[in-house]
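Presented below is the structure to which this report refers.
Letters A, B, ... mirror the listed sequences (proteins, then strands); counts begin at 1. Everything numeric here is computed off the predicted structure, so don't read it as measured data.
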Amino acid sequence: MDMQETPARGTAIRPLDRSFFGRSPRRVARDLLGKVLIRDVKIRDVEVRLAARIVEVEAYLGTKDPAAHATAGNTARNSVLFGPPGFAYVYFIYGNHYCLNVSCEREGQAGSVLFRALEPLQGLEQMARSRGIPLPAARHLSRLTSGPGRLAQAFAITRSRDNGRDLTSPASGLWIGEDGFRARSIQVTPRIGITKAAEQRLRFILPGNSFLSHPRILRP
DNA sequence: ATATCGATTATCT
DNA sequence: GATAATCGATATG
């Protein structure tokens, strides 16, 4: 019944340490491609792991970036962005969706990276349940996690539950791991879905991956 | 296949 | 009161 996909082959997954995130959002975004987002939860006394490879991200540059939530300064909503690196910033948008970021740089510098699309590896049935759709035929699998709102829903990420969570710690139950995967190539494109500073090339993708949120928008 | 539009609420002006 | 780092449904080619 349970369809268990093979995670990355070979080695165990190990967490990224905080210094990985203590860099510019561009570099963190680029280096996050190919890493794995993991959620460990206990459901009815059974440990369940959700795992998915990061295939699309966007960098937001902090207070100097008109498109960033940090542009208005430190507020109750975005204060995680102004804290130390490696923590989850979760916000609610359009009255419907949560989106996940990870804080970058250092305390006081509000750079971040938005998770835009994942390739599911493990726990697909649970992701489908969280999304409220039956585990679909292979051609529709990308609907599970292709898009910032979709991936947050697949991982049951909400602001009340996950804002401020430490993404470098497996003990937090939501964390980012490295499994030895190496991206063959990386492509940079303009960011998606924003009105301000939309021209900047701050979206990073694994080109050709079938789980991208907008496979067609590339403009290399 | 692409285009348009309504949903629904936290946050900020 | 307006807007938003989106999604899914519907309409149309």
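- Taking atom CZ of A:Arg143 as the reference point, atom P of C:dT6 lies 16 Å away to the nearest angstrom.
- Distance CD1 (A:Ile93) to P (B:dT8): 16 Å, rounded to an integer number of Å.
- With distances taken from any side-chain atom of A:Arg77 to the nucleotides C:dA5, C:dT6, B:dC12, the minimum falls on B:dC12.
- Nearest to the side-chain atoms of A:Thr75 among the listed nucleotides C:dT6, C:dG8, B:dC12 stands B:dC12.
- Comparing C:dG8, C:dC7, B:dT11 by their closest approach to the side chain of A:Arg131 singles out C:dG8.
- Following rounding to the nearest Å, A:Arg150 (CZ) and C:dA5 (C1') show an atom-to-atom distance of 15 Å.
- Both A:Arg159 and A:His97 lie close to DNA chain B; mapped to their nearest nucleotides by heavy-atom distance, the more 5′-ward contact belongs to A:His97.
- With its ring centre under 5.5 Å from that of the base six-membered ring and a plane angle below 30°, A:Tyr60 counts as stacked on C:dA5.
- Of the possible donor and acceptor atoms, none in the side chain of A:Thr168 sits under 3.5 Å from a partner among the backbone N and O of A:Arg18.
- As judged by a 4.0 angstrom heavy-atom cut-off over every strand, A:Arg116 is placed among residues touching the sugar-phosphate backbone only.
- More than 12 non-hydrogen atoms from other residues, nucleotides or ligands lie less than 6.0 angstrom from CZ of A:Arg161.
- Nucleic acid contact for A:Gly95: base, since at least one base atom lies under 4.0 Å from a heavy atom of the residue.
- Atom OH in A:Tyr98 sits about 10 Å away from atom C1' in B:dA10, given to the nearest Å.
- In this structure, A:Ile194 reaches the sugar-phosphate backbone alone: every heavy-atom distance under 4.0 Å involves primed, P, OP1 or OP2 atoms, never a base.
- Grouping the Ile, Leu, Val, Met, Phe, Trp and Tyr side chains by contacts below 4.5 angstrom, directly or via other members, places A:Val90 with A:Leu118.
- We find that CZ of A:Phe115 is positioned 14 Å from C1' of C:dA5, with the value rounded to whole Å.
- Here C:dA4 is the nucleotide among C:dG8, C:dA4, C:dA5 with the atom lying nearest to any side-chain atom of A:Tyr94.
- Across A:Asp65 and A:Thr71, no two heavy atoms sit closer than the pair O-CB, 3.3 Å.
- For A:Tyr91 against B:dA10, no side-chain N or O and base N or O form a donor-acceptor pair under 3.5 Å.
- Summarising the geometry, the separation between CZ on A:Phe204 and P on C:dA5 is reported as 19 Å, rounded to the nearest angstrom.
- If A:Thr195 and A:Leu151 are placed on DNA chain C by their nearest nucleotide, the residue sitting closer to the 5' end is A:Thr195.
- The nearest whole Å value for the distance from the NZ atom in A:Lys196 to the P atom in B:dC12 is 12 Å.
- Listed candidates were B:dT8, C:dA5, B:dC12. Nearest to the side chain of A:Asn96 is B:dT8.
- Here the P atom of nucleotide C:dA5 and the CD atom of A:Glu56 are 16 Å apart, to the nearest Å.
- Using the Watson-Crick or G-U wobble rule with both distances under 3.5 Å, B:dC12 pairs with C:dG1.
- The two residues A:Leu33 and A:Glu56 come nearest to each other via the heavy atoms CD2-N, 3.7 Å.
- Relative ring orientation between A:Phe92 and A:Tyr98 is described as tilted, the plane-to-plane angle lying within the 30° to 60° band.
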